[in-house]
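Lettering of chains follows the sequences in order, A, B, ..., and the numbering in each one begins at 1. If you're wondering where the values come from, they're calculated on a predicted model, not measured in any experiment.
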Number of protein chains: 2
Amino acid sequence: MTPRGRPRSFDRDAVLQQAMRMFWERGYESTSLADLTSATGLKPPSLYAAFGSKEGLFREAVELYTRTDGALTGTALDGGPTAREAVGRMLRENACGYTEDGRPPGCMIVLAATTCAAENESVRQLLADTRADTLRSIRARLERGVADGDLPAGTDTGQLADFYGTVLFGLSIRARDGASREALLRVADSAMHAWDALTGGTGPAAPDD
Amino acid sequence: MTPRGRPRSFDRDAVLQQAMRMFWERGYESTSLADLTSATGLKPPSLYAAFGSKEGLFREAVELYTRTDGALTGTALDGGPTAREAVGRMLRENACGYTEDGRPPGCMIVLAATTCAAENESVRQLLADTRADTLRSIRARLERGVADGDLPAGTDTGQLADFYGTVLFGLSIRARDGASREALLRVADSAMHAWDALTGGTGPAAPDD
DNA sequence: CCGTTTGTATAGCGATCGCTAAATAATTAC
DNA sequence: GTAATTATTTAGCGATCGCTATACAAACGG
């Protein structure tokens with residue numbers, strides 16, 4: 001099963017990672033083909049042979065992001081023993097991820113295409129859909145909390161997920177504005193202070209970590 | 001004091017308002033000069049004579065926005081008799097403003113330039129500074145609450161303002177993603193459920209409106 | 001009327017946009 | 001070896017970007 005023809009002379013994954021970083025930093029429309037080719041050393045035809053189009057490259061970059069930096073949300077949600085701990089971890093770990101040295105501040109999914117030209121609406125929609133996935137993930141974790149008994153049976157998981165998701169999205173704006181990790185962690189902590197009031201206050205007490 | 005020379009043949013304020021709407025809808029970089037001239041009927045030289053540059057026009061559009069749609073935050077904060085009511089109103093009225101029929105969903109200041117090319121960094125910074133103004137406004141209202149006695153003396157107004165400001169920014173993302181007014185109002189309501197826990201729970205009870 | 005001042009219209013500047021045709025290079029199949 | 005296949009290089013496509021030089025039009029003061 002050896003591939004025929006001239007072999008590719010570059011590392012496709014490495015190029016994709018570089019592209020992801022640029023889209024993350026500057027957004028979809030503000031990252032030009034010239035930016036991408038000069039950063040990777042590739043000529044346009046090589047990029048197009050490998051990824052099809054700028055949008056195709058971006059879509060793969062989004063997939064890579066959700067598999068790597070963006071996966072933090074899912075793993076944090078899965079990590080906590082209770083819904084409360086899971087959501088708290090999710091916010092705090094993202095607050096840390098959004099302010100990691102050497103990475104663009106904030107989340108690529110939130111920041112890379114909040115507005116765009118009509119011709120790129122499909123790109124904005126892709127990110128909107130991905131954000132909707134995040135809200136569903138949070139909600140799914142809350143449902144599990146209800147099933148596990150650490151959340152009351154009548155809990156409005158949709159409303160709760162919408163609230164914590166909205167806070168999460170807001171953290172990206174604040175991170176891109178230069179907010180410190182500590183400031184974002186305080187916001188996460190503040191959001192968790194609503195937990196008892198939102199869940200009827202009948203759950204277990206807040207852990208200290 | 002009659003102006004000399006040929007009089008301007010268009011309504012400068014009306015053109016500025018149209019430009020604001022386009023920047024609000026599509027963002028700074030995605031709104032082209034061709035978009036602006038075709039929407040207003042003006043030719044480029046007229047636009048440049050009146051506003052100097054695309055960035056100059058945008059800066060005036062931002063000023064107009066903060067004077068009009070964006071003023072809602074300040075008036076809502078000033079409106080409530082207590083800090084708690086003021087912040088609650090601020091969130092709820094923005095939730096409504098962000099989902100008004102016939103207007104671009106979400107806040108122009110939050111959405112119009114989350115990312116941009118390096119050459120337009122000054123535009124992104126302008127919006128970041130304006131967002132910082134919003135956080136300061138919230139904090140100032142909280143300080144007044146402390147002075148008025150409806151917030152405990154030791155209240156960390158900076159942390160509280162950061163939290164509610166982050167929720168406010170998140171609402172714009174959710175609005176642009178198509179969230180309903182009711183959904184945003186529920187998020188605002190959820191955020192207010194953190195109030196007692198964040199302020200020591202020694203303030204007056206939450207009003208019902 | 002004339003000269004000055006300011007605004008508008010025509011036309012197009014140089015630069016960059018995303019993208020690609022055509023030629024050449026490097027590999028496998030036979 | 002030759003043919004087939006795939007990648008890279010060179011060069012540049014048509015379209016659009018923000019912006020402007022130039023010429024003309026409409027108001028003023030005198």
Taking only nitrogen or oxygen atoms into account, show me every contact under 3.5 Å that the protein makes with nucleotides 16-21 of chain C, one pair per line with its distance.
unit_1	atom_1	unit_2	atom_2	d
C/dC17	OP1	A/Ser32	OG	3.1
C/dG18	OP1	A/Lys54	NZ	2.9
C/dG18	OP2	A/Leu33	N	2.8
C/dC19	OP2	A/Tyr48	OH	2.4
C/dC19	OP2	A/Lys54	N	3.0
C/dC19	O5'	A/Tyr48	OH	3.0

B/Gln18 side chain vs B/Ala39 backbone, donor-acceptor pair below 3.5 Å: yes

Contacts of type ring pair (Phe, Tyr, Trp, His ring centres under 6.0 Å), residue B/Tyr65, not counting sequence neighbours: B/Trp24

Produce the list of close N/O pairs, under 3.5 Å, pairing protein atoms with atoms of nucleotides 24-30 of chain D; give distances to one decimal.
unit_1	atom_1	unit_2	atom_2	d
D/dA25	N3	B/Arg6	NH1	3.3

Rounded distance in Å - CZ (B/Arg8) to P (C/dA9): 13 Å

Test salt bridge (Lys or Arg N to Asp or Glu O under 4.0 Å) applied to A/Arg103 and A/Asp69, step by step: CA-CA 10 Å; A/Arg103 291 191 210 172; A/Asp69 305 84; 2.9 Å; yes

Residue pair B/Arg131 / B/Ile109, side-chain heavy-atom distance below 4.5 Å: yes

A/Asp133/A/Arg136 ion pair, N-O < 4.0 Å: yes

N/O (side chain, B/Ser46) to phosphate O (OP1/OP2, C/dG7) under 4.0 Å: no

Sequence-distant partners of B/Asp129, side chain to side chain donor-acceptor pair (under 3.5 Å), two or more places apart: B/Gln125

A/Phe10 CZ to C/dA25 P, straight-line distance once rounded to whole Å: 19 Å

Residues that A/Tyr98 engages under ring pair (Phe, Tyr, Trp, His ring centres under 6.0 Å), provided they are two or more places apart: none

Which residues share a side chain to side chain donor-acceptor pair (under 3.5 Å) with A/Thr157, sequence neighbours left out: A/Arg139, A/Glu143

Nearest-Å distance for atom pair CZ/P, residues A/Arg12 and D/dT6: 16 Å

Interatomic distance where CG belongs to B/Leu42 and C1' belongs to C/dT10 [whole Å]: 15 Å

